[in-house]
Amino acid sequence: MSTPDAASVAAVEATRPRQVLVTGSARGIGRATAARFGAEGARVAVNYPPGELSYAQETGQLVEDAGGAALLVEADVADPDAVRAMAETVHAEWGPLDVLVNNAGICPFADFFDIDLELWDRVQHVNLRGVFLVTQAFTKAMVDAGRGGRVISVSSISAWVGGSRQVHYCATKAGISSLMKSLAIVLGPHGITCNAVLPGAIATDINRADWTNTAKLDYLGGRIPVGRVGEPADIAGMIWLLSQPESAYMNGAEILVDGGMLVNLQ
Ligand code: NAD
Ligand code: RM4
């Protein structure tokens, strides 16, 4: 029996569907991202928290309708045991990932003096500990596979600016951006780049309570130079671009995707 030469292994590898995990892809930006990778024929692991199976099923359908394959994996990203089990499931089904998208996040708007320790800890655990746990659980296999890859984490414009009712949340987003910078150094030598995408104001469920205030929506409409709040597909498109070979030299970066909202100060 002959052993395949390196060139034919590489040729087969080039036609292999990419394997992607998008955390928190039951709804919103994560769902649009899963569908975007589905459209390139990728295998997409659709992570969802307990209680959101029906939303995850809708995402899985979108991935498959777009031409990809979906694997639904339940895990609260803040829960180390659940994350470990999710990694075992994905690795057993498909092997190591090519692209990890850390997207899961929560923002329960609250006044500073109303934030108790329970709320503070939950936001920290889902948003920041979750990125640590998931990245650690999946990148070891990526390193061992030796194929390189991408870690793309959804941070926020809130990593750079504050929010009076997002005191707990903004700190987690600055933490995610920082985590990507350190991991860019740890994983870069293995060809795995780590970057943060910083969305501005995107129309999803996370903002529903805050945007019932029409004054806030009017303010955003006037502040964003492109003349609209963002859609989930605006962020999904940037995440997909960052997963492409042409982005290989971008590592440890923060990419603001806000329609120009931040620079429109005067
Ligand atoms: P969303 O509420 O529509 O989606 C949040 C997703 O996270 C959902 O799919 C939900 O199921 C999942 N999720 C929540 N808790 C989870 C947990 N413990 N484990 C696994 N999954 C969990 O909101 P979105 O706007 O799509 O948010 C996605 C990411 O984008 C978040 O990290 C958010 O902070 C970030 N972001 C959003 C905006 C915006 O304006 N919408 C701006 C900047 C950053
Ligand atoms: C984002 C950003 C948005 C906000 C969401 C919830 O990071 O601050 O403007 O509405 O969080």
Side-chain angles (χ1 to χ4, degrees), residues 21-35 45-60 62 72-83 85-86 101-110 121-131 133-134 152-177 179 196-213 216-217 219-221 223-224 228-236 238-239 254-259 261-262:
L21 168 69
V22 185
T23 68
S25 51
R27 295 179 281 111
I29 292 168
R31 170 180 283 186
T33 303
V46 174
N47 161 253
Y48 64 98
E52 297 208 20
L53 174 61
S54 62
Y55 294 115
Q57 285 169 330
E58 287 173 28
T59 301
L62 287 172
L72 309 190
V73 275
E74 180 185 296
D76 173 348
V77 294
D79 176 348
D81 292 335
V83 169
M86 172 166 70
V101 181
N102 288 304
N103 164 78
I106 56 172
C107 182
F109 289 87
D121 283 348
R122 183 64 186 155
V123 173
Q124 297 291 321
H125 287 173
V126 173
N127 294 8
L128 184 54
R129 184 165 87 172
V131 176
L133 290 173
V134 173
I152 303 162
S153 294
V154 180
S155 173
S156 171
I157 191 172
S158 302
W160 290 354
V161 302
S164 65
R165 304 189 72 235
Q166 294 173 285
V167 170
H168 43 358
Y169 173 87
C170 295
T172 68
K173 292 297 173 177
I176 292 168
S177 289
L179 199 51
V197 171
L198 280 56
I202 314 298
T204 67
D205 291 345
I206 208 169
N207 287 317
R208 199 178 294 280
D210 193 43
W211 292 3
T212 51
N213 176 353
K216 179 75 177 271
L217 262 182
Y219 167 73
L220 288 172
R223 172 88 193 240
I224 301 170
R228 61 176 177 86
V229 295
E231 296 297 329
D234 291 315
I235 306 306
M238 180 54 63
I239 291 171
E254 292 179 274
I255 300 109
L256 180 66
V257 187
D258 72 339
M261 177 166 64
L262 186 70

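Ligands are counted one by one from 1 in listed order, and the atoms in each one are counted from 1 as well. Since the model is a prediction, treat every value here as computed from it, not as a measurement.
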What heavy-atom pair brings [X] and [Y] nearest, and what distance separates the two atoms?
| X | Y | result |
| --- | --- | --- |
| Val131 | Ser153 | CG1-OG, 3.8 Å |
| Ala32 | Pro232 | CB-CB, 3.7 Å |
| Ala75 | Met86 | CB-SD, 3.8 Å |

Is it the side chain (CB and beyond), the backbone, both or neither of [X] that lies under 4.0 Å from ligand 1, heavy atoms counted?
| X | result |
| --- | --- |
| Asn207 | side chain |
| Ala75 | backbone |
| Arg27 | both |
| Ile157 | neither |
| Arg31 | neither |

One residue to check: Trp160. Relative to ligand 2, which of side chain, backbone, both or neither has a non-hydrogen atom less than 4.0 Å away? neither

What do we get for Gln166 next to ligand 2 when only non-hydrogen atoms under 4.0 Å count, side chain, backbone, both or neither? side chain

Answer yes if the side chains of [X] and [Y] hold a donor-acceptor pair under 3.5 Å, and no otherwise.
| X | Y | value |
| --- | --- | --- |
| Ser177 | Glu254 | yes |
| Ser25 | Arg31 | no |
| Asn127 | Thr172 | yes |

Could [X] and [Y] be called an ion pair, given the rule that one side-chain N must be under 4.0 Å from one carboxylate O?
| X | Y | value |
| --- | --- | --- |
| Glu58 | Arg27 | no |
| Arg223 | Asp258 | no |
| Asp76 | Arg122 | yes |

Counting heavy atoms only, name the option from [options] that's nearest to [atom].
| atom | options | answer |
| --- | --- | --- |
| atom 5 (C) of ligand 1 | Ala159, Ala56, Gly105, Ala78 | Gly105 |
| atom 3 (O) of ligand 1 | Gly28, Ala82, Gly200, Ser158 | Gly28 |
| atom 12 (C) of ligand 1 | Gly230, Ser155, Gly24, Ser153 | Gly24 |

Between Trp211 and ligand 2, is there a nitrogen or oxygen pair with a distance under 3.5 Å? no

For ligand 2 and Asp210, I'd like to know whether there is a polar contact (N/O to N/O, distance under 3.5 Å). no

Protein residue, atom and distance nearest to [atom], heavy-atom basis:
| atom | answer |
| --- | --- |
| atom 35 (C) of ligand 1 | Val154 CG1, 3.6 Å |
| atom 11 (O) of ligand 1 | Glu52 OE1, 2.9 Å |
| atom 25 (O) of ligand 1 | Thr204 OG1, 2.6 Å |
| atom 8 (O) of ligand 2 | Ser158 OG, 2.6 Å |
| atom 33 (C) of ligand 1 | Tyr169 OH, 3.5 Å |
| atom 31 (C) of ligand 1 | Asn103 O, 3.2 Å |
| atom 7 (O) of ligand 2 | Ser156 OG, 2.2 Å |
| atom 19 (N) of ligand 1 | Val77 N, 3.1 Å |
| atom 3 (C) of ligand 2 | Gly200 O, 3.4 Å |
| atom 27 (O) of ligand 1 | Ile206 CD1, 4.2 Å |
| atom 37 (C) of ligand 1 | Ile29 CD1, 3.8 Å |
| atom 11 (O) of ligand 2 | Tyr169 OH, 3.1 Å |

Does ligand 1 have any atom sitting under 4.0 Å from a heavy atom of [X]?
| X | value |
| --- | --- |
| Arg122 | yes |
| His125 | no |
| Tyr55 | no |

Atoms of ligand 1 close to [X] [distance to a heavy atom under 4.0 angstrom, numbered from 1]:
| X | answer |
| --- | --- |
| Ala201 | 40 (O) |
| Asn47 | 20 (C), 21 (N) |
| Ala26 | 9 (O), 11 (O) |
| Val126 | 15 (N), 18 (N) |

Do Leu217 and Asn213 come within less than 4.5 Å of each other through their side chains, counting heavy atoms only? no

Decide yes or no for Pro80 and Leu133: does some side-chain heavy atom of the first lie under 4.5 Å from some side-chain heavy atom of the second? yes

Would you check whether [X] has a nitrogen or oxygen atom less than 3.5 angstrom from a nitrogen or oxygen atom of ligand 1?
| X | answer |
| --- | --- |
| Tyr48 | no |
| Ile202 | yes |
| Ile106 | no |

Enumerate the atoms of ligand 2 whose separation from the nearest heavy atom of [X] is less than 4.0 angstrom.
| X | value |
| --- | --- |
| Asn207 | 4 (C), 5 (C), 6 (C), 10 (O) |
| Ile206 | 6 (C) |
| Phe109 | 6 (C) |

Should we say atom CZ of Phe109 is surrounded by more than 12 heavy atoms from elsewhere, each under 6.0 Å from it? yes

